[in-house]
Amino acid sequence: IRQVQVEYIQGHGTFGPLVRTIQDSGGTIQDLRVEDRTTENGESIRNVSIQVLAKQSADLDLIMQSFLTRPEVQDLKIIEG
């Protein structure tokens, strides 16, 4: 099981593609947590933590790293565990 943690600016259509990307890579979502907050300058930030049962860890790493190219994504971590 791996934990995918993504922080992004809300309002860019990120959540749906994130979940589909995990599923399309053969991963099974075990747990999902979403936390929203607003920064001092009024920006809406979403933190998503997803526990994934991944068949091919290397595939999940590669696919998830592609999310870093999205301008709204501020941070992405994949944790073994």
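FYI, side chains are in, hydrogens and waters are out, and symmetry mates aren't considered; it's all heavy atoms of this structure. This structure is a prediction, so every number in the text was calculated from the model and none was measured.
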Compare all side-chain heavy atoms of Asn47 with those of Val34 and state whether any distance is below 4.5 angstrom.
-> no
Rounded to the nearest 0.5 Å, the CD atom of Gln3 sits from the CD atom of Gln5 at a distance of 4.5 Å
Name the atoms and distances for all side-chain donor-acceptor pairs under 3.5 Å in residues 8-30, with sequence neighbours left out.
from	atom 1	to	atom 2	distance (Å)
Thr14	OG1	Glu72	OE2	2.6
Thr21	OG1	Pro17	O	2.7
Ser25	OG	Ile22	O	2.7

Quick one: pull up CD in Glu7 and CZ in Arg46 and give me the separation to the nearest 0.5 Å.
-> 12.0 Å
Charged N-O contact under 4.0 Å between Arg37 and Glu43 = no
Measure the OG-CD1 distance between Ser49 and Ile79 for me, rounded to the nearest 0.5 Å.
-> 7.5 Å
Could you tell me whether the side chain of Val48 reaches within less than 4.5 Å of the side chain of Leu32, counting heavy atoms only?
-> yes
So, do Leu68 and Arg70 sit near enough that their side-chain heavy atoms are less than 4.5 Å apart?
-> no
Quick one: are Gln65 and Ile78 in side-chain contact, heavy atoms under 4.5 Å?
-> yes
Validation row: Gln74, Ile45 side chains within 4.5 angstrom (heavy atoms) | yes
